[in-house]
Amino acid sequence: MEALAKLGRSTLDKFSALGRATFVLLGAVMSVPQLKNIPLTIKQIYVVGVQSLSIIIVSGLFIGMVMALQGYTILVDYGAEGSLGPMVALSLLRELGPVVTALLFAGRAGSALTAEIGLMKATEQLSSLEMMAVDPLRRIVAPRLWAGVISMPMLAIIFSAVGILGGHLVGVDWLGVDAGSYWSIMQSTVEWNEDVLNGFIKSIVFAFVVTWIAIFKGYDSIPTSEGISAATTQTVVYSSLAVLGLDFVLTAIMFGIE
Amino acid sequence: MNNLIEIDSLTFKRGERTIYDNISLQIKEGQTTAVMGPSGIGKTTLLKLIGGQLSPTSGDIKFRGESIPNMKRSRLFNVRRQMSMLFQSGALFTDMTVFDNIAFPIREHTNLSEEFIRTVVLMKLQAVGLRGAADLMPSELSGGMARRAALARSIALDPELIMYDEPFAGQDPISMGVLVKLIKQLNNALKLTSVVVTHDVKEVMSIADYVYILAEKKIIGSGTPEEIRQSDSALVQQFLKGQADGPVPFHYPAKEITAEFLGA
């Protein structure tokens, strides 16, 4: 009986959190866009996007390199090392680019967003905005949401591009795969709509979900040190799970049933 | 004198816990009203209720006769431009200089030229004695300076009502003296209505026109500072004189000490 009540309560809590999250999202998205907010959004794009560039580039490079190394050792047994190019490009564009970027983004920028908004709440900055008749959803949350949604797809594209170059470095320059076949087979195999665009759509969805989770967790955090630390952890855990789960769903829709 | 704020049989519960049980109080225009009481009884909550950040469980709060809990969000935001709140922490925006902090509400709500804003901000800073600190970041200010900067920000738009949340908490005697003087001066010079929530009896009794003492979810005493001093309520006297034991017990409720140690 006790367990049942507990289950019921936690389910109710989850649903009410979902409701609050929707309110935060609607409040941020629906708030009337103001000219004054554009510089704020640009500043946030710099913070969450540009400052994430180094981790994205380094990770993309290494993932491309590892993939070329692993792919080569397998493909060479079948004399199919010429297919290294499309293998690297397709895995990056369809899966690894959007997914790994989203996971890194959650760890690097999502956690920072949660902590920042949580601390603003703890230090009464959000309350004082409200008392100054400034809506914190419009002033604080909306620019961060848009910055995340704009930055992450671009980061994913950069990730994939750098990964393909990393694959080239290992596959072509070090292991001796023919440069012509690396590029030309890649060009003939990779479809614009099927692969590039679908990967881009994935990363837009991930961007939206990860940033939403991050800002909501910050906004809804308990304003104490434990509360903010828990909220930051939850941001990373929930967004990682959401990204991996959604990736399966999106992949099934995009590439699954022909 | 008109009542700027009327609180009418207000009850507020947080979850199962009752914070206020059917209290009523009035805040008169142009006066400094002090709300005192032991810590942890939700004095800040009262200010948040007046500011419309929280909604009462029952009862009503009126600002110039207009019910705050029943206001639409847009109307509430309009009314909030006439009120201002000095938070205990100051709540300065840590990513802006002192100057930008004070310019913030002006930039958000008006279309004044930067030149004009500069004049206004420097005047406000002059009033709190921090014109020289305009270019500092909040992290470079002492606690007392941060509170004065926050005070300058809260008068930036010349509000009618200003609510002080524990303005004296954690201040050294000098900054305490400065703050007492500032609150008094602002009230007189700008014809403000002030609500001061505090437990610093001596300081607030020197500037308040009217005092409410809250304890045990109710108002246990009210009157001018002189009337309060004369009060024959044991609870009021314990609070004013800072006695460790009395109607508010020293011990948090517990079982009998003999039972605890001897297991009897």
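Proteins get letters first, then strands, A, B, ... in listed order; numbering begins at 1 in each.
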Structural part of Thr94(B) lying under 4.5 Å from a heavy atom of chain A:
both
Distance in Å, Asp165(B) CG paired with Ser128(A) OG, rounded so as to fall on 0.5 Å steps:
12.0 Å
So for Arg73(B), is it side chain, backbone, both, or neither that comes closer than 4.5 Å to the heavy atoms of chain A?
side chain
Sequence neighbours left out, cut at 3.5 Å: what donor-acceptor pairs do the side chains of residues 5-15 of chain A make with other protein atoms?
from	atom 1	to	atom 2	distance (Å)
Ser10(A)	OG	Leu7(A)	O	3.3
Thr11(A)	OG1	Leu7(A)	O	2.6

Sidechain-backbone polar pair: Glu124(A) side chain, Gly90(B) backbone, donor-acceptor under 3.5 Å:
no
Step through the shown structure and confirm whether more than 12 heavy atoms of other residues, nucleotides or ligands are within 6.0 Å of CD1 on Ile222(A).
no
Any idea which of Arg81(B), Met85(B), Gln53(B), Arg153(B) has the most non-hydrogen atom pairs under 4.5 angstrom with chain A?
Gln53(B)
Are any non-hydrogen side-chain atoms of Thr123(A) and Phe87(B) less than 4.5 angstrom apart?
no
Do NZ/NE/NH1/NH2 and the carboxylate oxygens of Lys48(B) and Glu130(A) come within less than 4.0 Å?
no
By a 4.5 Å heavy-atom criterion (distance strictly below it), what part of Leu157(B) contacts chain A: side chain, backbone, both, or neither?
neither
Counting only heavy atoms not in Met123(B) (residues, nucleotides, ligands), do more than 12 fall under 6.0 Å from its CE?
no
Would a 4.5 Å heavy-atom cut-off, applied to side chains only, mark Met131(A) and Arg80(B) as touching?
yes
Say you draw a straight line from CD of Gln125(A) to CG of Asp95(B); how long is it, rounded to the nearest 0.5 Å?
7.0 Å
Count the heavy-atom pairs under 4.5 Å between each of Ala150(B), Ser89(B), Ser84(B) and chain A, then report the option with the highest count.
Ser89(B)
Run the side-chain contact (heavy atoms from CB on, under 4.5 Å) check on Phe104(B) and Arg139(A) step by step: do they pass?
CA-CA 12 Å; Phe104(B) 179 84; Arg139(A) 182 65 174 62; 3.1 Å; yes
Atom pair CD1/CZ of Ile140(A) and Phe93(B) - distance to nearest 0.5 Å
6.5 Å
For Asn101(B), which atoms come within 4.5 Å of any heavy atom of chain A: side chain, backbone, both, or neither?
neither
In this structure, are over 12 heavy atoms from other groups packed under 6.0 Å from Arg20(A) atom CZ?
yes
